[in-house]
Amino acid sequence: MLLTKAEITRLLTDEGHQKTLLKKADDVRKQYVGDEVHLRGLIEFSNICRNNCLYCGIRCGNKKVIRYRMEEAELVETARKASVLGFKTIVMQSGEDMYYDKDRMCRIIEQIKKFNVAVTLSIGERSYEEYKAFKEAGADRYLIRIETTDKDLYHKLDPKMSWQQRYECLLALKELGYEVGSGIMVGLPEQSIESIAEDLLFLKELDVDMAGIGPFIPHPETPLAKEKGGTLNLALRTMAIMRLMLPDINIPATTAMESLHPEGRIMALKAGANVVMPNVTEGEYRKLYELYPGKICVNDTPAHCRSCIGMKIQLLGRKIGTGYGGHKKVS
Ligand code: SAH
């Protein structure tokens with residue numbers, strides 16, 4: 001559906017018609033991507049980060065975090081176990097930890113590809129050459145959120161980082177043939193509704209394969225500790241509009257949504273989402289990878305998370321995807 005900035009802004013602010021909007025997004029989801037919910041096993045393999053994003057709990061300036069990184073064999077073994085649990089996609093996410101250089105990352109990707117899974121990377125900004133090498137090693141998809149398209153806001157929130165550079169990463173990944181996922185946070189300090197409307201137009205223009213929309217949740221050990229944060233409802237409306245604008249893409253019910261409400265992901269699945277990314281990280285690491293407070297399932301095991309979400313999906317009358325769940329373009 002083609003929506004103008006004015007129309008998007010109106011839908012974003014129209015709390016009174018939220019129910020209708022979410023229902024419409026659910027209908028479009030059903031029509032374009034069907035009832036399958038694709039599961040991605042998320043491995044949070046390092047919380048070491050060279051960046052200092054004001055919103056993020058694992059920013060390098062947060063000295064209270066106990067830092068960890070998985071060794072190669074441990075990471076590969078975690079992925080293997082996730083594949084045994086039935087996950088057809090493994091998402092490897094971390095801070096920008098340069099210990100995982102090109103060769104090490106390629107070795108890891110090659111080993112994980114042997115488990116017959118799709119591999120998604122979410123490790124931040126790298127050079128074109130590295131992205132190319134990861135692709136050649138077998139990586140299928142890459143997630144890198146633009147976070148906000150308000151460049152001034154971006155530069156305030158991500159000191160020493162450049163919006164242009166992040167954008168160029170997205171372009172490089174597209175050119176290299178990755179399935180590209182991006183997305184934003186809603187409810188950032190000083191973020192206007194018009195700016196969220198522009199974010200949505202940006203994601204449409206970029207023609208992303210996947211878009212994750214999550215509420216910003218202030219972390220107590222960051223400079224934004226006292227900010228208000230985003231609401232679940234605004235995040236749901238943003239996500240629903242995204243579904244109307246890009247009807248056939250993959251849209252995750254984000255973990256941050258469930259951190260604000262015990263049924264956040266279910267509500268998202270009923271409002272346009274068709275993907276869930278259960279955590280398959282083990283043990284203490286789960287707690288230590290704390291981007292925001294109130295993170296769900298920190299004491300659970302991968303097997304528990306897999307069966308719990310499986311049950312919730314069944315109760316919704318939906319099915320768990322049996323394939324790799326890549327983006328299938330309808331038009
Ligand atoms: N280093 C990788 C992965 C970042 S973590 C990268 O740069 O892409 C994944 C996402 O978590 C971020 O892109 C951001 O949108 C989100 N995030 C970080 N801090 C958050 C917070 N306080 N509240 C909500 N989401 C947050």
Side-chain angles (χ1 to χ4, degrees), residues 40 42-62 65 67 69 91-100 105 120-126 130-131 134 139 141-150 153-154 157-163 165-170 172-173 178 180-189 191 196 199 203 208 210-232 234-235 238-239 252-261 264 277 279 281 288-296:
R40 325 289 199 199
L42 174 70
I43 307 177
E44 300 159 331
F45 68 95
S46 165
N47 69 354
I48 296 172
C49 191
R50 63 178 172 179
N51 290 326
N52 210 16
C53 307
L54 265 58
Y55 45 81
C56 184
I58 64 167
R59 65 201 299 269
C60 63
N62 182 1
V65 183
R67 302 284 170 173
R69 63 162 69 101
V91 182
M92 285 188 268
Q93 190 177 87
S94 68
E96 289 199 1
D97 182 353
M98 296 304 125
Y99 170 78
Y100 303 92
M105 217 51 229
T120 304
L121 300 178
S122 174
I123 61 173
E125 297 179 18
R126 297 284 179 126
E130 284 173 292
Y131 286 153
F134 301 157
R141 310 182 188 136
Y142 206 103
L143 303 181
I144 183 163
R145 286 185 175 175
I146 195 69
E147 316 294 4
T148 171
T149 51
D150 177 337
L153 180 59
Y154 183 92
L157 295 178
D158 303 76
K160 299 208 193 103
M161 291 175 77
S162 139
W163 189 89
Q165 194 172 312
R166 204 160 178 90
Y167 176 51
E168 280 165 20
C169 286
L170 281 161
L173 292 161
Y178 281 91
V180 175
S182 193
I184 56 159
M185 283 177 284
V186 301
L188 291 165
Q191 183 187 42
I196 298 175
D199 296 344
L203 293 167
V208 290
M210 184 269 214
I213 314 275
F216 157 60
I217 307 176
H219 189 291
E221 297 299 334
T222 63
L224 303 183
K226 300 233 147 42
E227 298 292 337
K228 263 178 55 194
T231 63
L232 176 61
L234 180 59
T238 309
M239 190 196 75
T254 56
T255 310
M257 289 184 175
E258 188 123 330
S259 300
L260 292 185
H261 188 290
M277 296 167 57
N279 198 334
T281 316
L288 299 178
Y289 195 85
E290 191 190 67
L291 307 174
Y292 47 78
K295 184 186 175 196
I296 56 165

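Start at 1 and go down the list; that is how both ligands and their atoms are numbered. What's counted below: heavy atoms across the whole structure, side chains too, no hydrogens, waters or symmetry copies.
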**Prompt:** Looking at atom 4 (C) of ligand 1, would you say a protein heavy atom lies below 4.0 Å from it?
**Reply:** no
Here the atoms of ligand 1 under 4.0 Å from any heavy atom belonging to G124 are 2 (C), 6 (C), 7 (O), 8 (O)
Taking the six-membered ring of Y99 as reference, does the cationic atom of R69 (NZ for Lys, CZ for Arg) lie under 6.0 Å from its centre and within 45° of its axis? yes
Working note: R59 + E221, criterion salt bridge (charged side-chain N to carboxylate O under 4.0 Å, His left out); need CA distance, chi angles, decisive distance, verdict.
CA-CA 10 Å; R59 65 201 299 269; E221 297 299 334; over 6 Å; no
- Query: With a 4.0 Å cut-off on heavy atoms, does H219 reach ligand 1?
  - Reply: no
Ligand 1 to C56, heavy atom cutoff 4.0 Å, flagged ligand atoms 19 (N)
the protein heavy atom lying closest to atom 8 (O) of ligand 1 turns out to be R166 NH2, 3.2 Å
* Asked: Relative to the ring of Y131, is the ring of F134 parallel (under 30°), tilted (30 to 60°) or perpendicular (over 60°)?
  -> perpendicular
for atom 14 (C) of ligand 1, nearest protein heavy atom and its distance come out as E147 OE1, 3.4 Å
Looking only at protein heavy atoms, what sits closest to atom 11 (O) of ligand 1 is L291 CD1, 3.4 Å
> Within less than 4.0 angstrom of ligand 1, does S94 place any heavy atom?
Replying inline: yes
Is the shortest N/O to N/O distance between S122 and ligand 1 below 3.5 Å?
no
Would you say R50 touches ligand 1, if touching means a heavy atom closer than 4.0 Å? no
query: At the 4.0 Å heavy-atom cut-off, does P215 count as touching ligand 1?
result: yes
Checking heavy atoms under 4.0 Å, the part of E290 that sits near ligand 1 is neither
Subject >> ligand 1 N/O within reach of I217 N/O, cut-off under 3.5 Å >> reply: yes
Shortest non-hydrogen pair, G212 vs R145, comes out as O-NE, 3.6 Å
Backbone N/O of G57 and side chain of N62: donor-acceptor pair under 3.5 Å:
yes
**Asked** Under a 4.0 Å N-O cut-off, is there an ion pair linking K295 with E290?
**Response** no
Side-chain donor or acceptor of Q191 paired with backbone N/O of G187 under 3.5 Å = yes
Atom 17 (N) of ligand 1 has as its nearest protein heavy atom M185 SD, 3.8 Å
